Amino acid sequence: MNETALKANGITKYFHDPVTMQVLKSIDLDIKRGEFVSIVGKSGCGKSTLLYVLSTMDTDYEGTLEINGVNTTGLSQNHLARIRNESIGFVFQFHYLLPDFSCLKNVMIPALRLGKLSYQEVEEMAYQKLKMFGVEEQALKKAGKLSGGQQQRVAIARALVNNPTIIMGDEPTGNLDSKNTEIVFDLFRQLSQEYNQTIIAVTHDNDFAAKSDRVVEMADGEIIAHHKAGTFHQH
Amino acid sequence: MKTSVNTEIAITYLSSRKKQTVVASAGVMFGISMFIFMQSLMKGTNDYFEKMSFTNTPHIKLYSENKVADDHMLTGMLKDASQKILTNPKQLNESQGLTNPYGIIDVIKKNKQVAAVTPQVTGNVIYTSGSVELPGNVAGVQIDQEDKMFDVQGNMVSGNLHDLNRVHNSILIGKGIADKLSLHTGDNITVRAGNGNTLVMRVIGIFSTTVKAVDETKSYANISVVQSLIGKDRSYVTEIKVNVKDYNNAPAVARQIEAITGYKAEDWVKANEQLKAGFKIRGIILNSVIGVILLVAGFGIYNILNMTIYEKIKEIAILKAQGFAGKAVTSIFLQQAVMIGIIGGIVGLIIGFSLTYMVSRIYIGAGMLKYLPMSFYIPHYIEALAFGILTTVAAGYFPARKAAKVDPVTIIRG
Ligand SMILES: Nc1ncnc2c1ncn2[C@@H]1O[C@H](COP(=O)(O)OP(=O)(O)O)[C@@H](O)[C@H]1O
Ligand SMILES: [Mg+2]
């Protein structure tokens, strides 16, 4: 119990275009297995940038990052790709499905890439994930034909398909109405409690944040506060 | 084997952009069908001309060269080469025959690569019938041997060539001679040799080779008849014709025969240097045309894949974010190129074959050449497919590498 899922030490990042600017200022963050963490802060404070670093996609940073006990700083792109495929599910701010593929295929692709299950098993599992978000009826439709909210739910289903230990979302409920936001929140809550999956979600929705295990508050590239469950209130 | 996810993505991309896929495949298809069609036409004609050349040229022809008088024996005696003894040397008036021809034939027959050997006496003559005269040459041959080597039977228009052995003073004439002198099988023809000897001969048959110059001048008679016509004895032979088992070995066998007999042995390659030069030039033209076609097809694929990557850059970023490594992305796009190559290639093979077949059925009726000589040669098809796929892989490689280098964060951040 209480293993560390993700450990960031002194994460510092600069953007050089148009002028050199420090976006992340020595960020330390420790997240346990099964913890449901929200990251909040004003627009432009560096939340997305931090999340990309934590997801291993952005390797242009100073400091060290450890995922499930493995130091990922300095690993090759191929190695990082394998870690992402296996252990990290990512929900993007703007859903980003592959429009030429059916919703079901979109969900299946990361699992097919992982190659641990047979095609039929992957198909079955992908369908189950779609069902969890109430979009199973869209399974065979081209992803490009769905509404924004439906696409976002398919994207979340896709992030979960490999049962990753860590699920990251950049405003995962940004395009959803309050009813669907609640469905997603409840599901995240269930995943963290019952399946010990770690949730890290950047959000603007303070109600959503307030109900999570911990709220990490950022300002100007720094973490200014950690709020325990139930202690975060809108200022 | 189950298809990998890379293959599945490649197929989806190709089928969701049908128009581009068809255009790219059409380029490859065009290149490959042209490759096959033109190779078939060229090999067909080359083979035809090669075969044609053997209908009146032996693989090897042994003859005595006209010698020009030289002074090497005299200078040898003087031991002084600076002294010019012979000015204005003339051709030696030796008989143009081969010495001891039947001895030579026996020697040649011992060579294991030799398939057939036959002596010939050629005499320049004037054919006369009524008041019409026609210059030409009569070949004194052993007709059975001649037929074996050159398929005289296949050229027969009328008569029976074996009558040459049965009918006294008989002759087999070209169709051009028969037409000009209005002769038919069974008629008589007067043949006058250069020395003034005249012989009335019985036409026992007419042949046609499609080569006008041959049909209007050539005739066959028994070797002994021609020997006596031109006033020579039975051992007089102007040339010995040799066919070998594999005509590609003719030059080597010719050198051996030359070494043994001391006479000039001309092989068909030498005798047909022009033909071979023609083959070579046509080969170069053909290969440049095919090269250009495949290059254009390659550029088409390169362009279309580049465009696809530009359009799909966001999706490539997503795939990489989800754990597709660079080599998986390369494989997705390279497979698209290969699939375009295979689709275009297979359709190209079919069209190339159909085109070749259709053209081979077009009646052109030029002499013996009734249909265009097209060859159906399996290696052409294998080569065509290999070239096609090689081109597509080369054209797809660079766009695919570019796709692999897409940085997901830069794209997703926007
Ligand atoms: N590619 C980039 N180049 C330069 N500056 C950038 C780039 N992406 C983001 N920024 C800047 O970095 C800061 C943090 O951005 P971001 O992490 O997207 O903020 P948030 O997600 O908290 O709204 C902002 O000031 C933004 O303008
Ligand atoms: Mg953001």
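Not measured: the values here are computed from a predicted model. Chain naming here is simple, since letters A, B, ... match the order of the sequence lines and numbering starts at 1 in each.
- Environment of CZ in A:Phe15: crowded, with over 12 heavy atoms of neighbouring residues, nucleotides or ligands closer than 6.0 Å.
- Within 6.0 Å of atom NZ in A:Lys142, 12 or fewer heavy atoms from other residues, nucleotides or ligands are found, so the atom counts as exposed in its surroundings.
- Of all non-hydrogen atoms in B:Ser16 and A:Asp100, the two that sit nearest each other are OG-OD2, 3.2 Å.
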Does the side-chain contact (heavy atoms from CB on, under 4.5 Å) test come out yes or no for B:Leu319 and A:Leu98, once each step is laid out?
CA-CA 9 Å; B:Leu319 289 172; A:Leu98 308 179; 3.9 Å; yes
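- Per-residue heavy-atom pair counts under 4.5 Å with chain A were compared for B:Gly323, B:Ala325, B:Gly326, and the maximum is reached by B:Gly323.
- Heavy-atom minimum distance, A:Met57 versus B:Pro408: SD-CB, 4.1 Å.
- Within 6.0 Å of CG on B:Asn248 lie more than 12 heavy atoms contributed by other residues, nucleotides or ligands.
- Note that CZ of A:Arg113 is 8.0 Å distant from CD1 of B:Ile9, once rounded to the nearest 0.5 Å.
- Across every non-hydrogen atom of B:Glu315 and A:Pro99, the tightest pair is OE2-CD, 3.2 Å.
- Atom NZ in A:Lys105 sits 6.0 Å away from atom OG1 in B:Thr12 (nearest 0.5 Å).
- No more than 12 heavy atoms of other residues, nucleotides or ligands shown are found within 6.0 angstrom of CD on A:Glu137.
- Within 6.0 Å of the NZ atom in B:Lys245, the count of heavy atoms belonging to other residues, nucleotides or ligands exceeds 12.
- Atom OH of A:Tyr119 and atom CD of B:Glu8 lie 4.0 Å apart (nearest 0.5 Å).
- With a threshold of 4.5 angstrom between heavy atoms, B:Ala317 does not approach chain A through any atom at all.
- For A:Phe90, no part sits under 4.5 Å from any heavy atom of chain B, backbone or side chain.
- Within a 6.0 Å sphere centred on NZ of A:Lys145, heavy atoms belonging to other residues, nucleotides or ligands number 12 at most.
- More than 12 heavy-atom neighbours from other residues, nucleotides or ligands sit within 6.0 angstrom of CZ on B:Phe37.
- Atom-to-atom distance recorded for B:Ile318:CD1 and A:Ile109:CD1 is 11.0 Å, nearest 0.5 angstrom.
- Atom CZ of B:Phe324 sits about 13.0 Å away from atom CG of A:Asn78, to the nearest 0.5 Å.
- No more than 12 heavy-atom neighbours from other residues, nucleotides or ligands sit within 6.0 angstrom of CZ on B:Phe387.
- By the 4.5 Å heavy-atom criterion applied to side chains, B:Ile412 and A:Asp170 are not counted as neighbours.
- B:Gln322 and A:Tyr96 share no donor-acceptor pair across their side chains, judged by distance under 3.5 Å alone.
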